[in-house]
Engineer: 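If you scroll down you'll find the structure; I have some questions about it.
Atoms within a ligand are numbered from 1 in the order they appear, just like the ligands themselves.
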Amino acid sequence: MSITVEHLQKTYGEQQALNNVSFSIKKGEIVGFLGPNGAGKSTMMKILTTYINATSGNASVSGFDVRDHANDVKKIVGYLPEHNPLYLDMYVREYLEFNANVYGISKQRISEVIQLTGLSPESHKKIEQLSKGYRQRVGLANALLHDPEVLILDEPTTGLDPIQLIEIRQLISKVGKEKTIFLSTHIMQEVEAMCDRVIIIKKGEIVADKNLDDLRTQNEQTIIVEFDFRVEDAFLKKLPHVKAVKNTYGFVYEISFSTQEDMRSSVFDFAHNNELKILQMNLKNTSLESLFLQLTS
Ligand code: ADP
Ligand code: MG
């Protein structure tokens with residue numbers, strides 16, 4: 001196991017931030033830690049990265065206990081904190097070199113990481129000149145310097161604009177091919193975009209722990225389709241397994257089905273047989289959305 005957490009509790013004075021939390025993460029998994037603000041996500045991550053101690057319970061990373069073997073854990077883990085502390089008047093490469101020196105990391109590795117995180121064109125700029133998206137890349141580059149097995153990323157996409165968001169997601173997915181990643185977010189779509197598995201936390205307690213594939217294969221799906229022409233709702237209701245049809249705007253329809261089968265090809269055949277053209281079509285995973293709303297509202 002890459003990460004093991006057993007009956008973890010954390011209290012800050014009177015405030016209970018984590019209550020009897022247990023889970024484990026296998027090597028190579030990308031796991032989303034999803035929950036609203038104040039749920040206990042950052043607290044969990046600070047414990048796993050050895051920055052704070054739990055009140056009780058155990059946690060280990062690659063078999064090393066976070067309390068008793070903090071130095072071993074730090075060697076294995078790359079951490080991007082929520083409020084990523086950067087030295088704004090340092091240059092990108094200078095900042096990475098500064099951190100690399102602390103760990104005795106080679107100049108070649110710094111160049112590799114700059115390349116990997118797409119920072120090459122920005123590496124001669126001062127950090128204060130960078131956009132939020134590029135600052136996050138610097139944080140990620142920093143977390144990757146010592147080539148850790150496990151990456152712990154605390155809300156890595158919060159505050160990014162839509163384009164930066166897509167770029168950082170792609171970068172995380174790329175890096176995740178070789179590493180175990182535990183990332184927190186309060187946005188459900190982030191989990192869908194990047195993760196194999198979701199652990200949902202609410203008020204310090206784990207309320208769900210599911211593989212995304214299992215959620216995807218639950219009997220709920222919505223297809224959003226745009227035709228080139230108007231279609232009667234009643235006509236669309238002839239599709240197999242249809243639960244509901246809604247004309248959202250123009251010639252766009254939201255069709256929900258109760259089946260495990262991917263209904264996109266049926267919608268395609270339906271359009272073809274009725275001489276309609278499909279201008280766009282998307283499959284929405286309604287089960288994750290409804291699960292999250294149910295569990296956190
Ligand atoms: P999240 O990252 O999910 O937003 P946090 O782990 O930051 O949640 O916080 C969990 C709870 O613990 C919140 O109620 C928060 O106010 C409280 N908390 C976090 N850090 C401290 C602290 N240093 N002192 C007191 N309370 C804290
Ligand atoms: Mg937080």
Engineer: Below 4.0 angstrom, counting only protein heavy atoms, does anything approach atom 19 (C) of ligand 1?
Structural biologist: yes
Engineer: Just need the protein heavy atom nearest to atom 22 (C) of ligand 1, so name the residue and atom and give the distance.
Structural biologist: Tyr12 CD2, 3.4 Å
Engineer: What is the closest protein heavy atom to atom 5 (P) of ligand 1, and at what distance does it sit?
Structural biologist: Thr43 OG1, 3.7 Å
Engineer: For Arg93 and Ser111, does a side-chain donor sit closer than 3.5 Å to a side-chain acceptor?
Structural biologist: yes
Engineer: Would you check if there is a donor-acceptor pair between the side chains of Ser184 and Asp154 at a distance under 3.5 Å?
Structural biologist: yes
Engineer: Take atom CD of Gln108 as the centre, draw a 6.0 Å sphere, and report whether it contains more than 12 heavy atoms from other residues, nucleotides or ligands.
Structural biologist: no
Engineer: Among all the protein's non-hydrogen atoms, which is closest to atom 11 (C) of ligand 1, and how far away is it?
Structural biologist: Gly38 O, 3.7 Å
Engineer: Using a 4.0 Å cut-off to any heavy atom of Ser42, which atoms of ligand 1 qualify?
Structural biologist: 1 (P), 2 (O), 6 (O), 7 (O)
Engineer: Of all the non-hydrogen atoms in the protein, which one sits nearest to atom 8 (O) of ligand 1, and at what distance?
Structural biologist: Gly40 N, 3.1 Å
Engineer: With a 4.0 Å heavy-atom cut-off (strictly under), which part of Gln15 contacts ligand 1: side chain, backbone, both or neither?
Structural biologist: side chain
Engineer: Got a list of side-chain donor-acceptor pairs under 3.5 Å for residues 228-246, not counting sequence neighbours?
Structural biologist:
| unit_1 | atom_1 | unit_2 | atom_2 | d |
| --- | --- | --- | --- | --- |
| Asp228 | OD1 | Lys277 | N | 3.0 |
| Arg230 | NH2 | Asn247 | OD1 | 3.3 |

Engineer: Output a table of donor-acceptor pairs, distance under 3.5 Å, between side-chain atoms of residues 165-178 and any protein atom two or more places apart or on a different chain; print 'none' if there are none.
Structural biologist:
| unit_1 | atom_1 | unit_2 | atom_2 | d |
| --- | --- | --- | --- | --- |
| Glu167 | OE1 | Arg137 | NH2 | 3.0 |
| Arg169 | NE | Glu190 | OE2 | 3.0 |
| Arg169 | NH2 | Glu190 | OE2 | 2.6 |
| Ser173 | OG | Arg169 | O | 3.0 |
| Lys174 | NZ | Leu116 | O | 3.4 |

Engineer: Working to the nearest 0.5 Å, report the span between CD1 of Ile105 and CG of Leu144.
Structural biologist: 10.5 Å
Engineer: What protein atoms of element N, O or S are positioned under 2.8 Å from the Mg ion (ligand 2)?
Structural biologist: Ser42 OG, Glu82 OE1
Engineer: State whether the number of non-hydrogen atoms from other residues, nucleotides or ligands found under 6.0 Å of Gln129 atom CD is greater than 12.
Structural biologist: yes
Engineer: Does any N or O atom in Glu82 lie less than 3.5 angstrom from one in ligand 1, N or O only?
Structural biologist: no
Engineer: Checking Ser22 against Glu6: is there a side-chain donor and acceptor pair closer than 3.5 Å?
Structural biologist: no
Engineer: Evaluate whether atom CG of Asn101 has more than 12 neighbouring non-hydrogen atoms of other residues, nucleotides or ligands under 6.0 angstrom away.
Structural biologist: yes
Engineer: Any idea which atoms of ligand 1 are less than 4.0 Å away from a heavy-atom of Asn37?
Structural biologist: 4 (O)
Engineer: Tell me, please, which residues at least two apart from Asn58 pass side-chain hydrogen bond (donor to acceptor under 3.5 Å, both in side chains).
Structural biologist: none
Engineer: Within the 4.0 Å heavy-atom shell around Ala39, which atoms of ligand 1 are there?
Structural biologist: 1 (P), 3 (O), 8 (O)
Engineer: Can you tell me if Ser62 and Glu149 form a side-chain donor-acceptor pair at under 3.5 Å?
Structural biologist: yes
Engineer: Would atom 16 (O) of ligand 1 count as contacted, meaning some protein heavy atom under 4.0 Å?
Structural biologist: no
Engineer: Indicate, as side chain, backbone, both or neither, the part of Pro36 found under 4.0 angstrom from ligand 1 when only non-hydrogen atoms are considered.
Structural biologist: backbone
Engineer: Tell me if the centroids of the rings in Phe98 and Tyr91 come within less than 6.0 Å of each other.
Structural biologist: no
